[in-house]
Colleague: 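I am attaching a structure below and will ask some questions about it afterwards.
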Amino acid sequence: MTALRVVRCLPDGFLAGALRADARAGLTATPKVLPPKWFYDERGSELFEKITRLDEYYPTRAERSILRAAAGQIAAGTRARTLVELGAGAADKTRLLLDALAGAGTLASFVPVDVSETALIEAARRVAGEYPGLAVTAVVSDFEEHLGLPSGSEARLVVFLGGTIGNLLPGQRAAFLRSLRSRLRPGDAFLLGTDLVKDPAVLVAAYDDAAGVTAAFNKNILSVLNAALGADFDPDAFEHVALWDAGAEWIEMRLRSLQPQRVTLPAIDLQVTFGEGEELRTEVSAKFRRERVAAELAAAGFTMAGWWTDEQGRFGLSLSVPAERGPHGRRGSVAGRAAFHPPHPGIGEPQLGDQLGGDPLGRDRPAAEQVHRDQVLLRPGVNGQVRLGQDQHQGNRTVGEDHVAGVEHGAAAGLHRGARGGGQFRDIGHR
Ligand code: SAH
Ligand code: AVI
């Protein structure tokens with residue numbers, strides 16, 4: 001039997017309530033906006049996987065090439081026993097990290113976290129099947145609400161791949177990073193994938209592919225509203241728009257109404273009108289420069305200990321540790337000792353810190369402890385023992401500086417407060 005546990009962090013009905021609140025707020029705002037997390041129903045997740053295989057969509061291939069070259073170093077540096085993946089999706093590239101951690105002899109459990117339940121359980125089931133002895137706990141959660149990090153004292157590597165952090169607005173991003181930092185302990189590490197600023201033509205093509213897969217993905221958000229809220233959006237009455245905002249350094253995806261139209265959303269008792277040419281923003285996908293990644297991490301209390309890019313410099317992968325002095329502090333002693341020297345010329349350069357020997361994250365572990373970790377890994381049939389502690393609740397929904405004026409967060413915030421007293425975790429057992 002493979003060890004797969006499925007845990008829900010949020011109270012019953014939370015996501016349904018959040019979707020209703022986001023739809024009401026976003027469709028009554030000017031300009032209209034929807035958060036991109038609602039793309040990912042079963043079809044949306046499938047369409048995203050199709051996107052990752054498109055010629056134009058380079059980020060997945062670029063990030064995979066970095067992971068291929070750097071996973072061994074990351075595993076040796078972190079010696080993580082638990083790999084937590086936020087927004088895991090199909091967790092395909094993750095196998096490179098799982099293999100490397102298994103090779104380093106430390107891996108014991110994998111905790112994929114995703115809001116898209118069907119895709120998450122499918123991915124978790126596959127990983128559990130492919131890695132006998134690995135305890136897999138699939139956490140159905142919105143990582144902006146509840147990170148789903150397992151408790152316990154083992155070293156954890158939290159990974160957030162694919163550039164999904166770029167789908168958060170700057171204020172949301174800062175809140176997310178602060179929240180993650182506040183839940184990490186010395187010995188944990190954070191691996192972050194960020195797509196990089198490049199030729200706008202390359203960027204726009206990646207979000208407006210010739211086969212129209214990204215257009216279908218974009219319009220799928222309307223089908224999600226139709227299914228969840230009984231809405232009558234006609235996806236054919238909108239066209240897909242992808243544009244580069246040079247000031248914000250992000251790609252924006254929008255849906256442009258092809259005609260004047262009225263849409264009804266019975267479940268939230270709302271009617272909205274669209275003028276001809278009116279646009280609904282469905283996603284931002286921020287592109288980064290290394291300095292900005294380092295600065296945002298530092299502002300949240302992380303120290304970037306390693307940085308890699310693919311050979312063409314299209315995508316960046318950073319490895320960070322909790323800074324000793326917390327948010328806005330100066331680099332602590334860990335930073336001074338932490339550096340990764342990628343073995344592959346072109347796959348990143350050591351960018352930060354001075355290399356010292358030993359553990360690249362500056363942790364000294366007694367040899368006996370490492371042997372113990374190896375023994376734990378090799379024990380067959382390790383069962384899903386990861387516990388999610390109630391102390392990890394995230395507090396109220398983040399209302400960052402970038403939220404559109406007039407956006408209501410009442411319903412979701414209310415649900416959240418209701419959940420605070422406890423009982424927000426529902427372990428739905430082995431699958
Ligand atoms: N990490 C994968 C998948 C990226 S697609 C990769 O690199 O290819 C983005 C994933 O993040 C989707 O599976 C989506 O369901 C998930 N996601 C988006 N917003 C989320 C949120 N707020 N909380 C949890 N998961 C989220
Ligand atoms: C998941 N996320 C990083 C993707 C991106 O590139 O911003 C989502 C996506 N949107 C259009 N294509 C892919």
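Counting starts at 1 for both ligands and their atoms, in listed order. The structure displayed is predicted, hence computed values, not measured ones.
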Colleague: Heavy atoms only, cut-off 4.0 Å: how does Thr164 contact ligand 2, side chain, backbone, both, or neither?
Modeller: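 The answer is both.
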
Colleague: For ligand 2, note which part of Trp250 has a heavy atom under 4.0 Å away: side chain, backbone, both or neither.
Modeller: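 Neither; no heavy atom under 4.0 Å.
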
Colleague: Indicate, with yes or no, if the rings of Phe190 and Phe302 have centres closer together than 6.0 Å.
Modeller: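 Yes, the ring centres sit under 6.0 Å apart.
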
Colleague: With a 3.5 Å cut-off and sequence neighbours excluded, list the donor-acceptor pairs that the side chains of residues 227-236 form with protein atoms.
Modeller:
residue: Asp232; atom: OD1; partner: Thr264; partner atom: N; Å: 2.8
residue: Asp234; atom: OD1; partner: Asp236; partner atom: N; Å: 3.0

Colleague: What's the shortest heavy-atom distance between Gly277 and Arg256, and which atoms?
Modeller: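 Nearest heavy atoms, Gly277 then Arg256: O-CG, 3.5 Å.
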
Colleague: Would you say Gly163 touches ligand 2, if touching means a heavy atom closer than 4.0 Å?
Modeller: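 Heavy atoms of Gly163 do come under 4.0 Å of ligand 2.
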
Colleague: Ignoring hydrogens and geometry, is there a side-chain-to-backbone donor-acceptor pair from Lys287 to Lys198 under 3.5 Å?
Modeller: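 Looks like no, no N/O pair under 3.5 Å.
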
Colleague: Are Phe217 and Tyr40, when compared by the centres of their aromatic rings, separated by less than 6.0 Å?
Modeller: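 Yes, close enough.
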
Colleague: Does ligand 1 have any N/O atom under 3.5 Å from a protein N/O, and what are those pairs and their distances?
Modeller:
residue: ligand 1; atom: 1 (N); partner: Gly87; partner atom: O; Å: 2.8
residue: ligand 1; atom: 7 (O); partner: Lys93; partner atom: NZ; Å: 2.6
residue: ligand 1; atom: 7 (O); partner: Gly162; partner atom: N; Å: 3.4
residue: ligand 1; atom: 13 (O); partner: Asp114; partner atom: OD1; Å: 3.3
residue: ligand 1; atom: 13 (O); partner: Asp114; partner atom: OD2; Å: 2.7
residue: ligand 1; atom: 15 (O); partner: Asp114; partner atom: OD1; Å: 2.5
residue: ligand 1; atom: 22 (N); partner: Asp142; partner atom: OD1; Å: 2.8
residue: ligand 1; atom: 23 (N); partner: Phe143; partner atom: N; Å: 2.9
residue: ligand 1; atom: 25 (N); partner: Val115; partner atom: N; Å: 3.2

Colleague: Between Leu317 and Ile66, which heavy-atom pair has the shortest distance, and what is it?
Modeller: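 So the two residues come closest at CD2-CG2, 3.7 Å.
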
Colleague: Relative to ligand 2, is Tyr57 under 4.0 angstrom through side chain, backbone, both or neither, heavy atoms considered?
Modeller: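 For Tyr57, only side-chain atoms sit under 4.0 Å from ligand 2.
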
Colleague: Establish, from distance only, whether the side-chain atoms of Asp310 and Ser65 form a donor-acceptor pair under 3.5 Å.
Modeller: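 Result is no, nothing qualifies.
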
Colleague: Please give me the minimum heavy-atom distance between Arg61 and Asp55, naming the atom from each residue.
Modeller: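 Looking at all heavy atoms of both residues, the shortest contact is NH2-O, 2.7 Å.
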
Colleague: Within the structure, is a non-hydrogen atom of Gly162 found at a distance of less than 4.0 Å from ligand 2?
Modeller: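 It does, in that a heavy atom of Gly162 comes within the 4.0 Å cut-off of ligand 2.
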
Colleague: Do ligand 2 and Asn167 have nitrogen or oxygen atoms that lie under 3.5 Å from each other?
Modeller: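 Min N/O separation from ligand 2 is below 3.5 Å for Asn167.
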
Colleague: For the residue pair Asp114 and Ala88, what are the closest heavy atoms and their distance?
Modeller: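 For Asp114 and Ala88, the tightest heavy-atom pair comes out as OD2-N, 3.2 Å.
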
Colleague: For Glu283 and ligand 2, does the shortest N/O to N/O distance drop below 3.5 Å?
Modeller: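 By distance alone, the answer is yes.
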
Colleague: Output yes when the distance from some N or O of ligand 2 to some N or O of Ser285 is under 3.5 Å, and no in every other case.
Modeller: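 Yes; the residue has a nitrogen or oxygen that sits under 3.5 Å from a nitrogen or oxygen of the ligand.
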
Colleague: Looking only at non-hydrogen atoms, find the nearest pair between Glu154 and Asp188 and report the distance.
Modeller: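 For Glu154 and Asp188, the tightest heavy-atom pair comes out as O-OD1, 4.0 Å.
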
